[in-house]
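Both backbone and side-chain heavy atoms feed into the values below; hydrogens, waters and symmetry mates do not. Residue numbers begin at 1 in each chain, while the letters A, B, ... track the order of the sequences. Here the structure is a predicted model, which means the values were calculated and not measured.
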Amino acid sequence: MKTFSLPSEGPKERPDFLAQLNAQQKQAVTHTDGPLLIVAGAGSGKTRVLTYRIAYLLQQYKAAPEQILALTFTNKAAREMKERIKDLIGDKAGKLWMGTFHSIFSKILRFEAEKIGFGSDFTIYDTSDSQTVVKQILQELNFDTKEIKPKTIHNKISDSKNQLITADTFQEKFISSTLDDITARVYSIYNKRLKQSNAMDFDDLLVKPIELFQKHPDVLEKYQDRFKYILIDEYQDTNHAQYKVTKMLADKYQNICVVGDDAQSIYSFRGADISNILNFKEDYEEATQVPLEQNYRSTKAILQCADSIIKRNTKQLDKTLWTEQGYGERITLLENFDERDEANRVASHIQNLKMRHGYKNNDFAILYRTNYQSRVFEESLRRKDLTYQLVGGLSFYQRKEIKDVLAYLTLLVNPHDETNLLRIINEPSRGIGNKSIQDLLGQARDEGRSIWSIIQNVESLDVYKPAKARVREFVDMINRLRNNLENGETLTDTTKAVLEQSGYMKALVEENSQESMMRRDNIIELQNAISYYERGAKNASLSSFLQEISLITDQDKFDEDKPAITLMTVHASKGLEFPVVFIVGLEENLFPVGARQNFDVDIEEERRLFYVAITRAEERLYFSHCRSRFKFGEETRQARSRFLEEVDAGVVQTETGATITQKKDRFSDDGNSSGSDYTVDYDWKESRTKKTHRSPSATIHYDYEDGEDPFQVGVRVEHKKFGPGKIISRSGSGTDAKVVVFFKNRGQKKLMLRAAPLQVID
DNA sequence: GTGCTCCATTTTTTT
DNA sequence: AATGGAGCAC
């Protein structure tokens, strides 16, 4: 990270920070009033501009800290910005309203919840909670959740919410298929169910404020007056709801400053609408646009590479990135046999760079398109004793045991939360089976009350008798714990009591497996987090702790100072920078991802994603791809990514320093080419998948005991596709054994013994 | 009502 | 390959 320090003497009456900005940055900082669009290219000092702008507003007495609202996409970005502002203006920076859209608006909702019929202790449902609710509703409506996927329906509901389409509107206007029909029915029940549970989903955190402001203009005005200046980071990734709610807030003073880069818009899958930034100037007529075009991050080679990619996209705002830095190193292309080869090669390069050029672990990032690619890299790095940090994947707070414990805690502040109640009413098993639960649910539905309220009098209900006593005990336990909490018990003690009285810890101890030990460790870690929170937070309360952690994301645990190699998705890398970057898995149907049933691939977005990845690099950049890869337990032939054909070949070299060869015009621009005509020296024409171990012709080759394997150098063989040939060399062993065969008609090829349809000719 | 085994599905990206 | 769900036996 490039840091710079300010003169530290005395009170900062007139800090000289403007002198440290270039002309464009200075304009962006000092243009304080009225709408402003900052088009910030990658690495152009955007964060510096935002922080200085806030410092400048304060210094000019334009606003008090609590009158400034700064919205970011990650907590990390907010925290970092807050730190930097603190360096400029001191502790009053703590009063700034700075955070993610979701966290800021959940705070506002907490204050105003009653006005829209919620309690301030509402639960925030994450995606899996939401899907659970949808699934339940589908089952109640007698749909087969195998055919009608809860995930699909929830996605549709979520998309609708992000576009501010209510359940009613959806019902009236947006039905064009049976799936929509089902969605419409589920959507409105889903909303009622959440409300009854006093719960909001992620989307509600953006939608409900709009509802609130529309119903209560006085409340809107209160916040309009409070937030005299509004700043929004990553504006290209805002969705319609975010656009709308900030437009409402900015309406009175029009002091809205948005920063973004249309070339880095990579979240359309969750409703981000690139037209928000493209149309900003039409939207706010008085708007000024300032571009930030000087890149301070990367070498010329890297920028040139990035530019050669992004210029293939059609829709773009005007800007030209340039840098004063030198040309630097060319980009190195790593060609690998399979993903293990890839991981090892990357790890070796890291070792080499550390040795030869003095890089440290935290100078490196390995970026991939999908989380599942991380595993092999972890293995390779571990084997080479290289420390790494994995960002993303299954987060701590999504683990079953953590969600369970949090469900108990949630019930203590919001017992009407049905999803969390159902989650733990029989966890650990306490004799309340599915039948009983369904009976209870049925009666709750009939009376239109929450399950919690009806089980207060479980004795009078029509339920399997032995279960009644168990429910009674459960209810008493929760009430007891609630009471203690209300009487001022600490969160730490409450948590401890939950773990004891629920029998959750006991069950884990009794199981006494490796698995259960890990779960216990995780729960202890949660306990630590709770005590830590309790000691640190000003107004510590269980309910605010729970709301806070439900908005914590995986990137928040990324630590740039930790001496570790960073492994993460390209999405997660946005906003970060590293001296050395490896972009791996550059293969068709991986990066760019392959089309799936529900989802067309937006090839321009994939390209922007690739652009984001490239522009993370400061000094050295590596591209990597595999010819073969295991997917779903099957070996798949992988064609090289079209992006490697698009990139300016002049800035790329192979490991041996050779220039790369490309096949121009291999792909049409519709993004639907299969890439099947791609060939490398191994000439694997087909990119279809093949079972590795089931097909008879494939199995025979690796079932041999030592010494029996007939595929030795010099042996004549016949290949199903390539015809007759002769083995000229051999490498690897066991299932990794490979041979190079010279085929009469096809030339030399390297084949994996366990997979290739080869037979010995006598 | 509980727990085990087999099977099917997954792998886009995240607040 | 790995996970979670459904179905089945106790």
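Geometrically, Arg270(A) engages Tyr267(A) in a cation-pi contact defined by less than 6.0 Å to the ring centre and at most 45° from the axis.
Checked by atom type and distance alone, the side chain of Gln547(A) never pairs as donor or acceptor with a backbone atom of Ile124(A) at under 3.5 Å. When atom types are taken as modelled, the side chain of Ser641(A) and the backbone of Glu587(A) share no donor-acceptor pair closer than 3.5 angstrom. No donor-acceptor distance shorter than 3.5 angstrom exists from the side chain of Glu401(A) to the backbone of Asn522(A), with no hydrogens or angles considered. With hydrogens and angles disregarded, no donor-acceptor distance shorter than 3.5 Å links the side chain of Ser197(A) to the backbone of Ala199(A).
Of all nucleotides in DNA chain B having an atom under 4.0 Å from a heavy atom of chain A, the first and last in 5' to 3' order are dG1(B) to dT15(B).
Phe610(A) and Phe623(A) have their aromatic ring centers within a separation under 6.0 angstrom. Taking the ring centroids of His154(A) and Tyr187(A), they lie at or beyond the 6.0 Å cut-off.
Exactly one residue among Thr566(A), Leu367(A), Leu576(A), Thr615(A) makes a side chain to side chain contact (heavy atoms under 4.5 Å, CB included) with Val581(A). That residue is Leu367(A).
Rounded to a whole Å, the CG atom of Asp338(A) is 15 Å from the C1' atom of dA1(C).
No contact: Ser103(A) has no heavy atom under 4.0 Å from any strand. Contact annotation for Asn371(A): backbone-only contact, meaning every heavy-atom pair under 4.0 Å involves sugar-phosphate atoms and none involves a base. Here Phe101(A) lies out of heavy-atom contact (under 4.0 Å) with every strand. Here Lys435(A) lies in heavy-atom contact (under 4.0 Å) with sugar-phosphate atoms only. Across all strands shown, Lys151(A) has heavy atoms under 4.0 Å from sugar-phosphate atoms exclusively, and none from any base. Within 4.0 Å (heavy atoms only), Asp126(A) reaches no atom of the nucleic acid at all.
Two residues, Gln398(A) and Tyr372(A), neighbour DNA chain B, and the one matched to the more 5' nucleotide by heavy-atom proximity is Tyr372(A). Closest-nucleotide positions on DNA chain B for Val593(A) and Ile437(A) were compared, and the one nearer the 5' end corresponds to Ile437(A).
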Seminar exercise, completed: With sugar-phosphate taken as primed atoms, P, OP1 and OP2 and all else as base, the protein-contact string of nucleotides 5-10 of chain C at under 4.0 Å (heavy atoms; B, S, -) is -S----

For this session: Would you please test Tyr223(A) and Leu69(A) for side-chain contact (heavy atoms from CB on, under 4.5 Å) and show each step?
Result: CA-CA 10 Å; Tyr223(A) 286 99; Leu69(A) 171 66; over 6 Å; no

